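Here the structure comes first, spelled out in structure tokens, and everything after it is commentary.
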Amino acid sequence: MRIDLHSHSSASDGTQPPADVVRRARERGLDVLALTDHDTVAGHAAAVEALPAGLTFVPGMELSCRRGGRSIHLLAYLFDPAEPELAAECARIREARVVRARLTVERLTELGVPVSWEQVSELAAGGPVGRPHIARAMVAAGAIAEPALAFTPEWIGAGGRAYVSRYALAPDRAVRLVRAAGGVPVLAHPKAAGRGQVVPDEWIAELAAAGLFGLEADHLDHDAAAREHVRALARDLGLAVTGSSDDHGELTGHRLGCETTAAEVYERLTAEATGAEPITARGR
């Protein structure tokens, strides 16, 4: 089985609609795909409606967390999206994204970058506005050559001239919320130094004690040393190890399936979930 447990659609900061994401997943030879848009499940219904035969869909989400000024991302799988406390926190995070994006656009304008809220909103296509949409608007304005260049101290990277912080969950609370909703939490790219998202080992140990299921080791933002470190840490803490593409469509070069998760890990993950079940299309 080829299993990719981390992908994004235009429901958050990916470039393709959910229906196109699942179709492309099957074209790439995947058997299982999790759609994990940021702080939202808005793309799930469209993904399920378009699910091609032979592809299993895992409902998921990537929760925004923060500790000690560091951005931390938590993947949540097979949870009940109607669980009141988790749903309320996701709504609060999404609202904070809008406030942050508006302030970021204002700061960029003050810095002489000709971007507008209307441009950024159009790029978001009705989904939650995020920094990748702002980065794409900056490219269109000619301020930078590619979106990745926006995420630096020069612009909207952490501590940057136009950077604006926002509300996010404490990661240990996020783990407990996902578990309370019957879901299974996995820490996304925990040693992504290039993103400035290196999570200290002692923090990961605390998350394991709070109910963390696994660590995403096989990710393109992890070099060989980081992958081995994450695997060793997972062994020490009794956690599972996953691998995923973290595909965002055009933004990341359409890389679905470039990293995958072992079938036995997927089976363990689904066995622990009580909030939702994977969905398999048949006969299409």
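None of the values given here were measured: they were computed from a predicted structure.
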Would [X] end up clustered with [Y] when hydrophobic side chains under 4.5 Å apart are linked, directly or stepwise?
X    : Y    : result
W203 : V178 : yes
V184 : I204 : no
V164 : L108 : no
L233 : L239 : yes
M1   : V186 : yes

Can you tell me how far the [atom1] atom of [X] sits from the [atom2] atom of [Y], to the nearest 0.5 Å?
X    : Y    : atom1 : atom2 : value
L187 : L75  : CG    : CG    : 8.0 Å
S71  : Q197 : OG    : CD    : 4.5 Å
L5   : Y266 : CG    : OH    : 8.0 Å
L215 : L237 : CG    : CG    : 7.0 Å
T274 : D80  : OG1   : CG    : 9.0 Å
L256 : D4   : CG    : CG    : 5.5 Å

Closest non-hydrogen atom pair between [X] and [Y], with its separation:
X    : Y    : result
G257 : R2   : O-NH2, 2.8 Å
R136 : G14  : NH1-O, 4.4 Å
V120 : A137 : CG2-CB, 3.9 Å
H222 : A217 : ND1-O, 2.8 Å
P200 : V198 : CD-O, 3.6 Å
I3   : A263 : CD1-CA, 3.7 Å

Worksheet item: Who are the side-chain contact (heavy atoms from CB on, under 4.5 Å) partners of S10, not counting sequence neighbours?
Response: P17, P18
Worksheet entry | Those residues that, when tested against A45, pass side-chain contact (heavy atoms from CB on, under 4.5 Å) (two or more places apart) |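 Partners of A45 by the side-chain contact (heavy atoms from CB on, under 4.5 Å) criterion come out as none, since no residue qualifies.
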Worksheet item: Do K191 and E228 meet the salt-bridge criterion of a basic N to acidic O distance under 4.0 Å?
Response: no
Item to complete: Answer yes when R231 and D236 have at least one side-chain N-carboxylate O distance shorter than 4.0 Å, and no when they do not.
Response: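 Judged by the 4.0 Å cut-off on N to carboxylate O distance, R231 and D236 do not form a salt bridge.
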With a 4.5 Å cut-off on side-chain heavy atoms, are [Y] and [X] touching?
X    : Y    : value
L212 : E206 : no
R173 : E85  : yes
Y77  : T270 : no
D31  : R26  : yes
R97  : S64  : yes
R268 : F213 : yes
M61  : C90  : yes
V99  : Y167 : no

Worksheet item: Taking it one step at a time, do L35 and S9 satisfy side-chain contact (heavy atoms from CB on, under 4.5 Å)?
Response: CA-CA 7 Å; L35 183 62; S9 75; 3.9 Å; yes
Does [X] use its side chain to pair, donor to acceptor, with the backbone of [Y] at less than 3.5 Å?
X    : Y    : answer
D37  : T40  : no
T261 : G243 : yes
H133 : G130 : yes
R255 : C258 : no
R100 : R166 : no
Q119 : S116 : yes
R28  : H254 : yes

Discussion item. Tell me if the aromatic rings of H189 and H73 count as close, with their centers under 6.0 Å from one another.
Written reply: yes
Item to complete: State, without any angle test, whether S7 and D247 hold a side-chain donor-acceptor pair at a distance under 3.5 Å.
Response: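 No, no side-chain donor-acceptor contact under 3.5 Å.
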Worksheet entry | Donor-acceptor side-chain pairing of T56 and T280 below 3.5 angstrom |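 On atom types as modelled, these side chains qualify, holding a pair under 3.5 Å.
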Acceptor/donor pairs from residues 142-162 side chains to any protein atom, 3.5 angstrom cut, sequence neighbours excluded:
residue	atom	partner	partner atom	Å
T152	OG1	L149	O	3.3
T152	OG1	E154	N	3.3
E154	OE2	R161	NH2	3.0
R161	NE	E154	O	2.7
R161	NH2	E154	O	3.2

Item to complete: Would you please test V21 and L33 for side-chain contact (heavy atoms from CB on, under 4.5 Å) and show each step?
Response: CA-CA 9 Å; V21 175; L33 179 75; 3.8 Å; yes
Discussion item. Under the criterion side-chain hydrogen bond (donor to acceptor under 3.5 Å, both in side chains), I'd like the reasoning laid out for E62 against H8: C-alpha separation, chi angles, the key distance, then a yes or no.
Written reply: CA-CA 9 Å; E62 187 170 7; H8 297 273; 2.9 Å; yes
Discussion item. With side-chain contact (heavy atoms from CB on, under 4.5 Å) as the criterion, how do R66 and L169 come out once you've worked through the C-alpha distance, each side chain's angles and the decisive distance to 0.1 Å?
Written reply: CA-CA 6 Å; R66 183 172 296 276; L169 283 162; over 6 Å; no
Item to complete: Apply salt bridge (charged side-chain N to carboxylate O under 4.0 Å, His left out) to E89 and R94, showing your working.
Response: CA-CA 9 Å; E89 285 293 350; R94 291 194 299 271; over 6 Å; no
Discussion item. Take a 6.0 Å sphere around CD of E250 and say whether it holds more than 12 heavy atoms from other residues, nucleotides or ligands.
Written reply: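 No - once you tally the heavy atoms of other residues, nucleotides and ligands closer than 6.0 Å, there are 12 at most.
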Practice prompt. Might you work through the salt bridge (charged side-chain N to carboxylate O under 4.0 Å, His left out) test for R195 and D246, ending with a clear yes or no?
Written response: CA-CA 13 Å; R195 295 179 177 219; D246 195 1; 2.7 Å; yes
Item to complete: List the steps, then state whether side-chain contact (heavy atoms from CB on, under 4.5 Å) holds for F79 with L177.
Response: CA-CA 10 Å; F79 54 91; L177 284 174; over 6 Å; no
Worksheet entry | V48, L55, V58 screened by side chain to side chain contact (heavy atoms under 4.5 Å, CB included) with I279, the one that passes |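 Considering V48, L55, V58, a side chain to side chain contact (heavy atoms under 4.5 Å, CB included) with I279 is found only for V48.
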Worksheet entry | Verdict with supporting geometry, E216 and R227, salt bridge (charged side-chain N to carboxylate O under 4.0 Å, His left out) | CA-CA 9 Å; E216 188 181 55; R227 295 180 189 219; over 6 Å; no
